[in-house]
Structure formats: C-alpha cells, structure tokens
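The structure under discussion appears below in the form of structure tokens.
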Amino acid sequence: MGIPGSAITSPSVYASRRQWLALLAGGAAGATLATWAQRDALAASAATAWPALAHVPSSVEGARTSESITAAAHASSYNNFYEFGVGKDDPARHAHVMPISPWTVEVEGLVHKPGKWALEDLLKLSPMEERIYRLRCVEGWSMVIPWVGYSLAELIRRVEPMGSAKFVEFVTLADPEHMRGLKSRVLDWPYTEGLRLDEAMHPLTLLAFGMYGHVLPHQNGAPVRLIVPWKYGFKSAKSIVKIRFVETMPATAWSKTAKHEYGFYSNVNPQVPHPRWSQATERRIGEGGLFAPKRPTLLFNGYADQVAQLYSGMDLKRNY
C-alpha cells in the first residue's frame with residue numbers, strides 16, 4: 001500500500017531501490033490506458049460473492065458521508081497490496097490463495113493483558129457497525145467505501161495499555177508460500193505500520209472485518225485490517241497478525257524504504273506535496289475513467305472537525 005504500482009518488470013533489473021521507486025511513481029498521475037482497460041475488465045467481472053456480515057449503522061461522528069459510494073467491483077479490483085504484486089489488479093488476481101482460517105491476532109508489549117485473539121473472538125468483541133469513509137491514496141486517487149467493523153479503541157481498552165505505552169505498532173502477515181510479492185525488494189517485509197496511542201483510540205479508527213455488508217475479500221486485507229480515514233491509505237494496515245504497544249515511535253514499512261517521502265503521520269494534507277507530485281487534487285475511482293476531472297483534496301481527508309485537535313500546535317509540514 002503506498003507508492004504507485006504499474007506493470008513494470010522486477011526491481012532486480014534496476015540499479016537501486018530509489019530508481020525502482022521512481023519508476024513505480026510514474027503511475028501517480030494516472031495509469032496507462034492499457035492498464036486502465038485491464039482493470040475495468042476485471043472490475044466488470046467482479047461480484048460481491050463474499051459471505052454477508054451483520055452490522056448496524058454507526059453513531060460515531062463523521063462515520064457517514066452523503067458522497068456517492070464507489071462500486072464494490074472497483075474497490076475490490078483496484079488495490080495496493082504489494083505482498084501480491086505491484087500492479088493494481090495483482091491482489092484481485094493472486095490474493096485468493098492466502099489462507100485466512102484459522103487466524104489469530106497477537107497483542108503484546110506494554111499492556112496489562114497481552115495474549116492471542118482468535119478471529120472468532122474478535123468478531124464477537126463489539127457490535128459491528130457500518131462506516132462510510134472516504135479513502136485517499138497517497139498516489140492521488142480516492143474512493144468512498146462502506147466498511148464494517150468497530151472502533152479499534154474497543155480492543156485497546158480490553159488489553160489495558162500501561163502508562164508507558166505511547167504508540168501502537170501493527171504487523172501484517174508475511175507468508176512467502178502464498179504471497180508472491182514477498183520475493184520483491186520493494187519493502188522490508190513484513191509490512192508494518194504505526195499510530196500514536198491517541199490516534200489509535202480515536203473513535204474513527206476502525207478495526208475492519210468487512211466492506212459493502214460482506215466479509216473482507218482477500219485482496220482488501222482479509223480477515224481483519226485497520227482503517228484510519230484521515231490518513232493516506234497505506235497507513236491502514238491489511239491482514240493484521242500482531243498489535244504491539246510500545247513507548248517510542250515505531251519504524252514503518254514505507255518510512256524505512258523512503259523516509260524523506262513517507263513520514264510517520266501521513267495525514268492527508270493538500271498543502272503538503274509529495275516530493276514527486278502534488279496532493280492538492282485527487283481522482284475518484286469509478287467517476288469517468290482516466291480523464292475525468294479531478295476534485296480538490298480536503299485537509300485530513302475531510303475529517304478535520306473530528307481529528308484536528310489531535311495535532312494542535314504541531315507543524316503539519318514538518319510532521320508529515
């Protein structure tokens with residue numbers, strides 16, 4: 001999740017990781033016409049054939065939007081999930097081989113109640129809610145997706161963080177047998193992400209188990225993932241296997257690869273460009289294709305009323 005993917009040959013043929021990243025970034029302004037046509041063909045054949053997941057509407061402030069929802073076929077076929085390849089359609093083509101049962105999430109570190117949580121227990125931990133969130137990718141595209149899950153805070157309260165816990169680190173699955181993308185050198189596997197504890201405790205931060213009223217498809221981070229709607233999409237770790245509470249800011253996958261391009265906070269901010277492209281506008285997937293007019297990007301992805309207080313007094317350009 002993060003830097004643009006496209007149909008390019010293996011990074012091993014390039015002289016450096018920096019050169020590889022620059023080539024991947026060529027998709028930031030839009031995919032090639034051929035790649036776009038392939039994605040549309042795949043989207044047209046997709047179907048929400050996953051099991052239904054019971055849920056209720058959410059009462060959390062900011063958890064719903066009146067914007068048009070992105071078609072499920074697009075959201076399930078246009079993805080960044082580099083464990084399965086760097087192409088946007090690679091996850092939909094290859095992720096189905098990933099075993100997701102049984103599944104456990106280990107909670108460790110600075111908590112009074114560490115342990116392993118079976119997926120079945122996580123599913124029963126709190127009532128499932130539908131949250132209709134905007135998703136903004138750092139590459140400059142966006143979607144509107146109805147997720148199903150509950151606030152991550154529900155789990156955090158039960159494991160009782162110690163007073164010394166200041167950050168939460170998320171570790172995702174790294175399965176070389178079923179994840180063909182792990183052979184690449186694009187990232188230092190396993191994929192890791194992190195939040196400040198107060199960010200993780202915010203009601204909008206979602207532990208998601210489904211989308212569009214169904215369980216998560218493999219390519220969208222099954223069986224459990226994070227959704228942090230005011231941050232760029234790569235902050236929302238997929239297929240989580242470990243949650244670790246720590247005292248110091250954890251290194252994250254993209255910051256380890258390109259620290260000057262991907263900071264820890266990664267809040268959506270139209271006034272802070274990526275070093276290689278603007279973040280002032282975005283292309284909404286499913287609205288008119290490759291040449292559709294772009295729309296202005298909103299500070300904190302439109303969630304400023306809910307989350308701006310988390311960063312009071314901070315320099316948002318320095319703390320990117």
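Scope of the values below: all heavy atoms of this structure, side chains included, with no hydrogens, waters or symmetry mates. Fair warning: this is a prediction, and the values are worked out from it, not measured in the lab.
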Inset, instruction - Using a strict cut-off of less than 4.0 Å between a Lys/Arg side-chain nitrogen and an Asp/Glu carboxylate oxygen, indicate whether Lys231 and Glu199 qualify as a salt bridge. - result: yes
Legend entry - Pair Glu139-Asn80, side-chain donor/acceptor within less than 3.5 Å: yes
Inset, instruction - Using atom types as modelled and distance alone, determine if a side-chain donor or acceptor of Ser58 lies under 3.5 Å from a backbone N or O of Ala63. - result: no
Inset, instruction - Describe, in one word, how the ring planes of Trp50 and His214 are oriented to each other, choosing from parallel (under 30°), tilted (30 to 60°) and perpendicular (over 60°). - result: perpendicular
Legend entry - Check against side-chain hydrogen bond (donor to acceptor under 3.5 Å, both in side chains), Ser151 and Arg131: CA-CA 10 Å; Ser151 294; Arg131 310 274 186 91; 2.9 Å; yes
Legend entry - Check: Tyr311/Trp230 side-chain N/O donor and acceptor closer than 3.5 Å: yes
Legend entry - Sub-4.5 Å side-chain heavy-atom contact between Phe234 and Ser266: yes
Legend entry - Salt bridge present between Glu67 and Arg295 (N-O < 4.0 angstrom): yes
Inset, instruction - Could you check Arg134, Arg283, Arg284 and say which one makes a side-chain hydrogen bond (donor to acceptor under 3.5 Å, both in side chains) with Ser142? - result: Arg284
Legend entry - Flag, side chain of Thr205 to backbone of Met201, donor-acceptor distance under 3.5 Å: no
Legend entry - Side-chain heavy atoms of Val268 within contact of Tyr232, under 4.5 Å: yes
Legend entry - More than 12 heavy atoms from other groups under 6.0 Å of CZ on Arg64: yes
Legend entry - Test side-chain contact (heavy atoms from CB on, under 4.5 Å) applied to Pro176 - qualifying residues, sequence neighbours left out: Leu182
Inset, instruction - Report the C-alpha separation of Thr172 and Thr192 in whole Å, then their side-chain angles, then the decisive distance to 0.1 Å, and conclude whether the side chain to side chain contact (heavy atoms under 4.5 Å, CB included) test is met. - result: CA-CA 6 Å; Thr172 68; Thr192 57; over 6 Å; no
Inset, instruction - Establish, from distance only, whether the side-chain atoms of Gln279 and Arg136 form a donor-acceptor pair under 3.5 Å. - result: yes
Legend entry - SB check Glu261 Lys259 (cutoff 4.0 Å): no
Legend entry - Test item: His274 side-chain N/O and Val138 main-chain N/O as donor-acceptor pair under 3.5 Å: no
Legend entry - His96 side chain vs Gln219 backbone, donor-acceptor pair below 3.5 Å: no
Inset, instruction - State, without any angle test, whether Ser164 and Glu247 hold a side-chain donor-acceptor pair at a distance under 3.5 Å. - result: no
Legend entry - Heavy-atom donor-acceptor pair, Asn220 side chain to Ala75 backbone, under 3.5 Å: yes
Inset, instruction - Scan residues 98-110 for pairs that pass side-chain hydrogen bond (donor to acceptor under 3.5 Å, both in side chains), counting only residues two or more places apart or in two chains. - result: Glu108-Arg244
Show me the side-chain donor-acceptor pairs of residues 112-127 shorter than 3.5 Å, one per line, residues at least two apart or across chains.
residue	atom	partner	partner atom	Å
Lys113	NZ	Glu160	OE2	3.3

Inset, instruction - May I ask you to say whether Asp315 pairs ionically with Lys317, meaning some side-chain N is under 4.0 Å from a carboxylate O? - result: no
Legend entry - Any donor-acceptor pair under 3.5 Å from Lys235 side chain to Phe264 backbone: yes
